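For the single chain, residues carry numbers from 1 onward in sequence order. Remember, it's a predicted structure, so these values are computed and weren't measured experimentally.
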Amino acid sequence: ALNRVRTGTPLASAAAMASPPGCAHATPTPARVARHTRHFSSGRAVATGMAAFDHSVRPCNMGVSALLTLSNSARVLWQTAAMTKLSVNLNKVAVLRNSRGGALPDVLAAARVAIAAGADGITVHPRPDQRHIRPDDVHALARMLTVEFNIEGNPFAGPNAQGYPGFLELVEAVRPAQVTLVPDGDAQITSDHGFDFARDRERLAPVIARLKRIGARVSLFVDAGSVWGADLRALGADRIEIYTGPYAHAFAAGQPGDALAACAHTAADARAAGLAVNAGHDLDQDNLGPLLAAAGPIAEVSIGHALFN
């Protein structure tokens with residue numbers, strides 16, 4: 001099915017070929033999961049360059065076609081492997097727009113392409129310095145999205161003179177399906193560590209309660225190897241998101257074993273406490289399959305710039 005999707009066969013046809021007669025979907029047996037994981041982790045159907053989000057985002061554009069093929073391939077795997085969902089991170093689309101000035105590439109158009117390709121959600125990380133996603137982007141996305149909206153950020157970031165309203169104020173205004181709390185400082189280039197819950201527990205408790213009052217699912221960014229599941233459950237959290245940067249770097253170096261084991265350990269601890277598990281940071285088509293196999297079931301992964309790698 002994956003090979004047919006890569007060559008342009010519609011997803012419905014590919015899924016039908018993978019299913020036994022009279023059955024809408026193939027039964028996710030361990031052997032089938034392993035087979036699809038191997039196909040996916042060795043495949044290279046990745047969109048190249050930023051063509052997927054050109055000025056007009058034309059349906060006939062080759063970049064869009066490549067992205068559709070990638071997403072369909074991913075969905076075949078994820079439907080088989082415990083229904084892991086893909087949330088497409090749009091931060092780097094906004095970085096390119098902001099670096100050029102003006103409105104292009106269009107963040108909303110990028111979201112539409114991702115949704116048309118089958119993405120289950122859209123992720124953004126509006127920072128106080130507005131280096132990529134800005135508050136007006138968040139409001140515009142909230143008005144148009146037909147899939148889950150996940151907003152990441154530092155819950156302790158307050159309003160500033162540059163027009164940032166404060167993280168909690170922003171999410172309360174748009175009420176996303178999921179809020180992922182990340183302990184990043186204003187000067188960080190990207191998120192690079194999870195919370196220190198021994199230090200931050202008292203500050204996080206009222207934040208989580210505040211977000212639950214608006215009906216948001218609350219996920220917290222944690223380091224692989226940590227075992228804070230019971231503590232987070234007691235605070236009212238719904239999920240963790242494992243910071244997978246170290247695993248991705250170890251995978252690229254050809255030595256993923258220890259980092260992968262750390263991810264699996266943290267995921268198992270969280271599930272034992274009743275939390276669902278998300279994962280994100282530097283995940284791509286090469287390293288995702290082994291992570292899902294070792295640390296699954298994983299509810300959601302967030303992937304952004306690797307879609308253009």
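- Judged by distance alone, with hydrogens and angles left aside, the side-chain atoms of Asn160 form a donor-acceptor pair with the main-chain N or O of Pro128 at under 3.5 Å.
- To the nearest 0.5 Å, atom CZ of residue Phe167 and atom CD of residue Glu152 are 8.5 Å apart.
- No side-chain heavy atom of Leu96 sits under 4.5 Å from any side-chain heavy atom of Lys92.
- Residues Ala259 and Ala250 come closest through the heavy atom pair CB-CB, 4.0 Å.
- Contact of the Val147 side chain with the Asp120 side chain is not registered, since no non-hydrogen atoms from C-beta on lie closer than 4.5 Å.
- In this structure, Leu181 CG and Phe156 CZ are separated by 8.0 Å, a value rounded to the nearest 0.5 Å.
- Of the inter-residue distances, the one linking Asp223 atom CG with Thr244 atom OG1 reads 11.0 Å to the nearest 0.5 angstrom.
- One finds the NE2 atom of His125 at 11.0 Å from the CD1 atom of Ile151 (value rounded to the nearest 0.5 Å).
- In this structure, the side chains of Asp137 and Arg97 come closer than 4.5 Å at one or more pairs of heavy atoms.
- A heavy-atom distance below 4.5 Å is not found between the side chains of Pro256 and Asn287.
- Listed by chain and number, the residues in a side chain to side chain donor-acceptor pair (under 3.5 Å) with Arg175 amount to none (sequence neighbours excluded).
- Residues Val227 and Leu220 do not share a hydrophobic cluster, defined by chaining ILVMFWY side chains whose heavy atoms lie under 4.5 Å apart.
- Contact record, Ala264 with Ala294: CB-O, 3.5 Å, taken as the closest heavy-atom pair.
- Val95 and Val182 fall into different hydrophobic clusters, where Ile, Leu, Val, Met, Phe, Trp and Tyr side chains are chained together by heavy-atom contacts under 4.5 Å.
- Qualifying side chain to side chain donor-acceptor pair (under 3.5 Å) partners for Arg233, counting only residues two or more places apart in sequence or in other chains: none.
- Here the side chains of Phe149 and Val138 are in contact, with some heavy-atom distance below 4.5 Å.
- Here the straight-line distance linking atom CG of Asp196 with atom OG of Ser226 works out to 10.5 Å at 0.5 Å rounding.
- Considering CD of Gln285 and CD1 of Ile303, their distance stands at 9.0 Å, rounded to 0.5 Å.
- Here the closest non-hydrogen pair linking Leu90 and Ile122 is CD1-CG2, 3.6 Å.
- Between Val222 and Leu232 the shortest side-chain heavy-atom distance falls below 4.5 Å.
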Exercise for the section: List the steps and the verdict of side-chain hydrogen bond (donor to acceptor under 3.5 Å, both in side chains) for Thr123 and Asn89. Expected result: CA-CA 4 Å; Thr123 291; Asn89 189 313; 5.5 Å; no
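- The aromatic rings of Tyr243 and His281 sit perpendicular, their planes meeting at an angle over 60°, well past the 30° parallel limit.
- Counting heavy atoms from C-beta on, the side chains of Leu145 and Ile115 come closer than 4.5 Å.
- In the model, Arg134 has a side-chain atom that pairs as donor or acceptor with a side-chain atom of Asn98 under 3.5 Å.
- Side chain of Thr84 to backbone of Ile298: a donor-acceptor contact under 3.5 angstrom is found.
- Between Ala205 and Leu235, the closest heavy-atom pair is CB-CD2, 3.7 Å.
- Residues meeting the salt bridge (charged side-chain N to carboxylate O under 4.0 Å, His left out) test with Asp282, sequence neighbours left out: none.
- For Asp200, the side chain to side chain donor-acceptor pair (under 3.5 Å) test picks out no residue, with sequence neighbours left out.
- For the pair Pro155 and Arg210, the minimum side-chain heavy-atom distance is 4.5 Å or more.
- With hydrophobic clusters built from ILVMFWY side chains whose heavy atoms lie under 4.5 angstrom apart, Ile214 shares a cluster with Val174.
- By the ring pair (Phe, Tyr, Trp, His ring centres under 6.0 Å) test, Phe197 is found to be paired with Phe195, Trp228, residues two or more places apart in sequence or in another chain being considered.
- Arg127 places no side-chain N or O within 3.5 Å of a backbone atom of Arg131 that could act as its donor or acceptor partner.
- Remark: side-chain polar atoms of Glu169 are not paired, donor with acceptor, to backbone N or O of Pro159 under 3.5 angstrom.
- Among all heavy-atom pairs drawn from Ala237 and Leu275, the shortest one is O-CD2, 3.2 Å.
- The stretch residues 251-280 participates, sequence neighbours left out, in these side chain to side chain donor-acceptor pair (under 3.5 Å) pairs: Gln178-Asn278, Arg239-Asn278.
- Minimum interatomic distance between Ala267 and Ala295 (heavy atoms only, all atoms of both residues): CB-O, 3.5 Å.
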